[in-house]
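Read the structure below first, then the notes.
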Amino acid sequence: MTAGSERAGPDRDRAETYLRLRAEAELRRALTMPRFRPPGMVLPGPPGQWLMTMSDRRRMGRRRRAVSRAMQRRAGADATAPGPAAALARSGVLRARRVLAPAIDWAAQPLHRLPRQSWQPPVPARDCLERVAELAVTLAACEAISEESAEEVVEGMRSALAGRSLIDPAVLLGDAFARAFSRVQPAPAGPVRAVPVGATTECELLGRPFRIYLGALILEQKAAALTMRSRVADVAEDDPEHAHEIFQALNTCAAVDDRGASYRAHFSGGGTASHFDGRFRFQPAPPAAARWLDVTLPGAADAVRIQLHTSAAPLPVTSGRLAPELRADRYLDSLIIGRLADGWDARPDDGHEPPILRIATGLLAAGVLTPGSPSVRRLVAAEARRGQRLPDSLATVEAGSLPEDWLHFLRDFNRTDGPTGAIAVGATLPDLDGVSCVITELVSEADRASFQAHACGWPEPRHGPLRDHEPFGWSARDDLGGWYASAEGGWSYSDGEADMDVRLHPPIAPQARTLQLILTGPASEVSVTIPLTWLEAL
Amino acid sequence: MSPDWWAAFGPAQTHVSCSGSTHRLRWSAGSLQAVDHPDAEGELVMAALGGDTNPCLDLVMAWGRHSDDLTVLAIGPRSADDTLTITARTVEDLASRPGGPFRSPVSAGSSRIIGRRRSPGLPRGQATYGRSAAGGSSFSVNSSIIRKGGGGSVRSGGRATGPLRSAGGWSGYAPRGWPGREDDPGRVELIRLLALGRPFQLRLSGAVAHAWSAAGQHSRRGRSDPALTAALAGRLGPAAAQWLAIDAGDVDAAVHDDHGWGQLSLAPQPDGRKLVARLPVSWLAGVWAPGLAVVGGHLVVSVLAAAWPEVRVLAVRSPGRDPAELTIRQRRGHWSVAAR
């Protein structure tokens, strides 16, 4: 089915029409597939059905024998014995049958309705839904259609499949999936700022020496959070019970301000037996008039004093609008980078089309990109390096060249000579598309680097199986021109606030003197440049 | 003057459980009636004023609310072979499932969600939160969760769930009642309507298509164009497959906005031929929904007059040819040509 229209319309109409026609085509395809069976109901295919039948017969036999034995016991005689006693038993069996009628009914019900949680039958039609969702999310991410339209199409497709029992009918009521798209929460009122701390202290927890590094204090109107990382030497492998005890101990962290007000902290974070990373959260936040905060860590001899009005040295920040017409190119580029990072010299995908090629084909067919679009030409170039066979729609596209940034990224991806240390940053980024963000600290090791950020107004995380897209993304560039991609490490989210641990790839170049962290949103991007003065942290 | 969109439909009736007994719902002349509620109008007024309602009246009111709901066309049947499996039993089963109620208590909560995600394409081991340098397993726990649930996250009004452990060694708590998990009473209503059975599904589809046609209450110019094009293509495809023995996907369908019944032609393509069709949205309501799409080897393109079970139509024998007038009649649920 191809899209057609008698009236020339905006691109959005064309893209949405294409998406909806694809959904119709996928629905037709799904109609040829087997219906959904709840887990444990039946194995697929004739062999599976035979196995299931035999298994059911055996189980039915076992049940019948069990019921028979129960009836015989109830009758008080051995019905299998010969002679008059058996006749008596048979009469007893008749009585027992009446008494045990409910049990007999239970035994006679179809066995295949009993849940068997150990095996999950495949749901082929779900792939059809996934393909539609993938295209919908792609088009929405490129702003070729609205998120509402994308969601409407996916919901309609999902309901159509469920209404035909091609996937679990439970989704008819919208209960089994989360929405595919994120909702941007309103940022809490009031400014957010971060106070760099950068202090290392020793303490003893559960009889073990801990070295704790305090990164930065994030101050909001209602709460404050102090970032921390800790290490302990000479510990055994993971012991959940031990970890739980450490958690309990860290929850005893307390603070007092210069006005005598005291605060209890709640710790959240994670780690192993040998290290814990996380945040102490103080609620309420110290009042604006407070000058300092003494934080007493559990098992520590001395408190750590944090000067609340110590501002980070002003760091260079930038902000700028992004060209809206290049949005689809940016989206496809981000996918190419991810695929390159998987191994650009990896073998071509055999037997199935990689999602990125399906996505690019969809963008071309929907009129969002053209064969001359830079990202499409870069994709063709990247796939050519892999020796990947291209679909017809891409086979005739002239390959472009890979940007120098990407080549640097790939060249240095596995480097292991990064600097070691931490920087308490405490930098506030300019607001970006409704998001306020502070960078708390930057950490570097020989083979990895990461930074921590706290954001207000951040889109909520998604949990549904449908593909989602990230409206915000991080990257970085050093003063040597090296470019870094990001990967989300850990995150914590609540009511529009997010704490993020963002990994940078490759590790930071040892000669770099500054690092520009760039946050890219749907329509614009902001950055802050951090001098790389590493301090020994742990 | 064109006949009413529903003129080619016969009456339809079904039974529903209402107030402890079995009541009849009847559709005729384009509207749904609760036959066993003689003062349905008065009851509807009372319900609108906040009085008690009942399943029959709920369905009648829901029918009215969904008579222009394009979701009906997204979910509803596409062809005679396309059967929805939604029944009243399905609805009740779903309602009784844990986690599948009609009125779920989930609301916006304040508990914290923690997690670890891995960007596509980046090495799994290097993107693990809290992972030790030695590669040992790691975990992440939110202290407030421990206090509240002792092992599960509890959103305000939600339910507790157990911990999850990912392959990377991280463990956290997947929240039930996550943001976005929302009840949609309109969706439940619609499912109940579709559960009335195929005759009602087709009539409701017809009503929606009529509402968005040139003669309907909605202007179809605007954002609904793609939805209507897809609705048309999804239903014309199977009809064209039956008519021309082509693949249902080999149809280039678009909505015809101008006067007249539209246009049909065949176009060559590398692996065969495709049907290029321009038909008005009213084709869905007046022709497709009553099951008239293909009759006697013709594709019906328009209804000229109708007095069920007899209908006079314009029908095309093959693409590119002018349509001819046919009189068709429904017998035992099937339409056949009565006179040419």
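Just so we're clear, the structure is a prediction, and the values are computed from it rather than from any experiment. Letters go in sequence order (proteins before strands), and every chain restarts at 1.
- With a 4.5 Å cut-off on non-hydrogen atoms, A:Leu27 touches chain B through its side chain but not through its backbone.
- Counting heavy atoms from C-beta outward, B:Asp82 and A:Arg164 have side chains that approach closer than 4.5 Å.
- Contact tally against chain A (heavy-atom pairs below 4.5 Å) for B:Ala231, B:Ala230, B:Ala74, B:Pro77: the top residue is B:Ala230.
- The shortest distance between side-chain heavy atoms of B:Pro226 and A:Arg14 does not fall below 4.5 Å.
- Of the inter-residue distances, the one linking A:Ser159 atom OG with B:Ile191 atom CD1 reads 6.0 Å to the nearest 0.5 angstrom.
- Looking at B:Arg187 and A:Glu155, their side chains come closer than 4.5 Å, going by heavy atoms from C-beta outward.
- Across every non-hydrogen atom of A:Leu21 and B:Thr229, the tightest pair is CD2-O, 4.3 Å.
- Distance check: A:Arg20 CZ to B:Leu232 CG gives 13.5 Å after rounding to the nearest 0.5 Å.
- Under the salt bridge (Lys or Arg N to Asp or Glu O under 4.0 Å) criterion, B:Asp69 pairs with no residue at all, not counting sequence neighbours.
- Of the residues considered (A:Ala23, A:Gly156, A:Ala160, A:Gly163), A:Gly163 shows the highest number of contacts with chain B, using heavy-atom pairs under 4.5 Å.
- One finds the CG atom of A:Leu31 at 9.5 Å from the OG1 atom of B:Thr83 (value rounded to the nearest 0.5 Å).
- At a threshold of 4.5 Å between non-hydrogen side-chain atoms, the residues B:Thr85 and A:Arg35 count as touching.
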